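Each chain gets a letter, A, B and so on, in the order its sequence line appears, and its residues count up from 1. The structure displayed is predicted, hence computed values, not measured ones.
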2 protein chains.
Amino acid sequence: MKWDTLDEEPCSLSRTVAVVGDRWTLLILRECFLRVRRFEAFQSSLQITRHLLSERLKKLVRFGILRRVPYSEAPKRYEYILTQKGLDLYPIIMAMVHWGDTHMGDERGRPLLHEHKNCGKLFDPVMVCSECGEPLHPKQVHVHVGPGRPKAIAAG
Amino acid sequence: MKWDTLDEEPCSLSRTVAVVGDRWTLLILRECFLRVRRFEAFQSSLQITRHLLSERLKKLVRFGILRRVPYSEAPKRYEYILTQKGLDLYPIIMAMVHWGDTHMGDERGRPLLHEHKNCGKLFDPVMVCSECGEPLHPKQVHVHVGPGRPKAIAAG
DNA sequence: AGGCTATAGTTCTAAAATAGAACTGTCAAA
DNA sequence: TTTGACAGTTCTATTTTAGAACTATAGCCT
């Protein structure tokens with residue numbers, strides 16, 4: 001497969017995988033949501049090699065997930081801040097955390113608990129239908145070919 | 001990083017990344033949700049090398065995401081079916097599809113449309129709080145250290 | 001001035017993962 | 001007896017990642 005053009009495939013999942021579908025990117029984004037912003041902080045908390053971190057941050061900036069914002073003029077230093085596009089990845093991260101909590105847990109319990117400030121309670125994320133508000137289950141969803149999919153590959 | 005023990009890290013995101021955090025696994029799972037079950041079908045629709053497909057299917061079976069079920073006795077042939085643990089990955093896939101629809105689209109429109117059989121409408125997936133039902137936003141969530149996280153690494 | 005530290009990278013080699021193609025084995029149908 | 005379908009395995013070449021060392025700017029301390 002040509003990974004360099006995966007973000008142009010007529011499949012929204014492929015396009016998302018082009019951005020977050022590697023070993024490190026999701027872990028870097030987790031740190032972003034935990035308010036980590038600086039190169040050294042990412043590096044020491046993830047134990048990622050400096051080379052790869054540099055590459056991944058560049059890629060995330062290129063895709064518009066992070067902004068590289070100067071926080072010091074001399075010497076020039078930058079920190080990495082989630083854009084709106086990046087903040088919108090939150091449901092993906094939370095869905096993954098929830099699945100890990102549910103299916104990959106051990107006897108010690110959850111590593112992190114999440115409190116919803118609006119209602120003050122510890123919660124789990126639930127995915128619902130935008131139209132009727134009911135929780136979504138795969139067998140209740142029917143997939144239709146949309147306008148963005150070439151006819152030749154209508155299936156699959 | 002030791003990828004071979006990532007599924008034992010005290011972080012639910014890491015544990016999920018250990019399962020789905022590579023180039024191919026999520027694309028294979030997309031096919032599973034589109035009712036693809038057999039080796040040749042995965043291979044031809046994804047253009048994945050047979051070697052990698054074999055490896056990934058083994059890994060997904062090992063993690064209990066897929067079951068390898070015989071569908072022919074002579075010759076012995078198997079197909080791969082999502083377990084409940086696998087079906088529970090649906091919110092992750094749908095969150096990724098929705099993000100791709102929203103942020104990686106082109107002028108042609110969406111590749112696929114999703115209909116909720118319960119209400120009969122085309123929908124988007126929305127992530128809400130299990131307790132109050134309101135849509136979740138990252139800035140409204142406060143993270144607490146849970147029982148499964150060793151004290152030494154309480155932050156990060 | 002000279003040396004130490006902090007921060008944010010870049011560069012290099014070795015190891016691991018992936019791509020691409022060919023090969024194996026079982027059985028049915030022609 | 002040959003062909004084709006299916007589900008893999010094996011092999012070499014290329015690409016990616018790991019791990020460590022190195023570069024560069026500037027503040028602070030003596």
Item to check | For chain A, the stretch of DNA chain C it reaches, first to last nucleotide, under 4.0 Å of its heavy atoms | outcome: C:dA6 to C:dG20

Item to check | Nucleotide D:dA7, atom P - distance to CD of B:Glu79 in whole Å | outcome: 9 Å

Checklist entry - Taking for each residue the nucleotide of DNA chain C with the nearest heavy atom, is it A:Arg77 or A:Lys58 whose nucleotide lies nearer the 5' end? => result A:Arg77

Next on the checklist: Quick one: does any side-chain atom of B:Thr83 pair with a main-chain N or O of B:Gly86 as donor and acceptor, under 3.5 Å?
Outcome noted: yes

Item to check | Rounded distance in Å - CZ (B:Arg38) to P (D:dG8) | outcome: 12 Å

Next on the checklist: Between B:Tyr80 and B:Arg37, do the side chains contain a donor N or O and an acceptor N or O under 3.5 Å apart?
Outcome noted: no

Next on the checklist: Please list all pairs meeting side chain to side chain donor-acceptor pair (under 3.5 Å) that have one or both residues in residues 136-145 of chain B, counting only residues at least two apart or in different chains.
Outcome noted: A:Glu115-B:His144

Checklist entry - Any donor-acceptor pair under 3.5 Å linking the side chain of B:Trp99 with the backbone of B:Met104? => result no

Checklist entry - Looking at DNA chain C, which of residues 11-18 of chain A put a heavy atom within less than 4.0 Å of it? => result none

Checklist entry - Do side-chain atoms of B:Thr16 reach the backbone of A:Gly100 as a donor and acceptor pair under 3.5 angstrom? => result yes

Next on the checklist: Taking any heavy-atom pair under 4.0 Å as a contact, classify B:Phe42: base, sugar-phosphate, or nothing.
Outcome noted: nothing

Next on the checklist: I need the CD1-P distance between B:Ile28 and D:dA7, as an integer number of Å.
Outcome noted: 15 Å

Checklist entry - Between atom CZ in B:Phe39 and atom C1' in D:dG8, what is the gap in whole Å? => result 5 Å

Checklist entry - Any idea which of D:dA7, D:dT16, D:dA21 is nearest the B:Arg23 side chain? => result D:dT16

Checklist entry - Could you give the CZ-to-C1' distance, from A:Arg56 to D:dA18, as a whole number of Å? => result 12 Å

Checklist entry - Does any N or O in the side chain of A:Lys59 come within less than 3.5 Å of the main-chain N or O of A:Ser54, such that one atom is a donor and the other an acceptor? => result no

Item to check | Residues B:Asp7, B:Arg15: salt bridge by 4.0 Å N-O rule | outcome: no

Next on the checklist: Using a 4.0 Å heavy-atom cut-off, does B:Tyr80 contact any base of the nucleic acid, only the sugar-phosphate backbone, or nothing at all?
Outcome noted: sugar-phosphate

Item to check | 5'-most by nearest nucleotide on DNA chain D - A:Trp3 or A:Thr49 | outcome: A:Trp3

Next on the checklist: Expressed as a whole number of angstroms, how long is the span from B:Leu53:CG to D:dT9:C1'?
Outcome noted: 13 Å

Checklist entry - What about the rings of B:Tyr90 and B:Phe33, do their centers lie closer together than 6.0 Å? => result yes

Item to check | Atom pair distance, as rounded to whole Å: NE2 in B:His51 and C1' in D:dA7 | outcome: 15 Å

Item to check | side chain to side chain contact (heavy atoms under 4.5 Å, CB included) between A:Phe39 and A:Arg50, intermediate numbers included | outcome: CA-CA 9 Å; A:Phe39 190 94; A:Arg50 309 177 74 76; 3.7 Å; yes

Checklist entry - Whole-Å distance between D:dA26 P and A:Tyr71 OH? => result 14 Å

Next on the checklist: Quick check for you: among D:dA5, D:dT9, D:dA18, whose closest atom lies nearest to any side-chain atom of B:Ser54?
Outcome noted: D:dT9

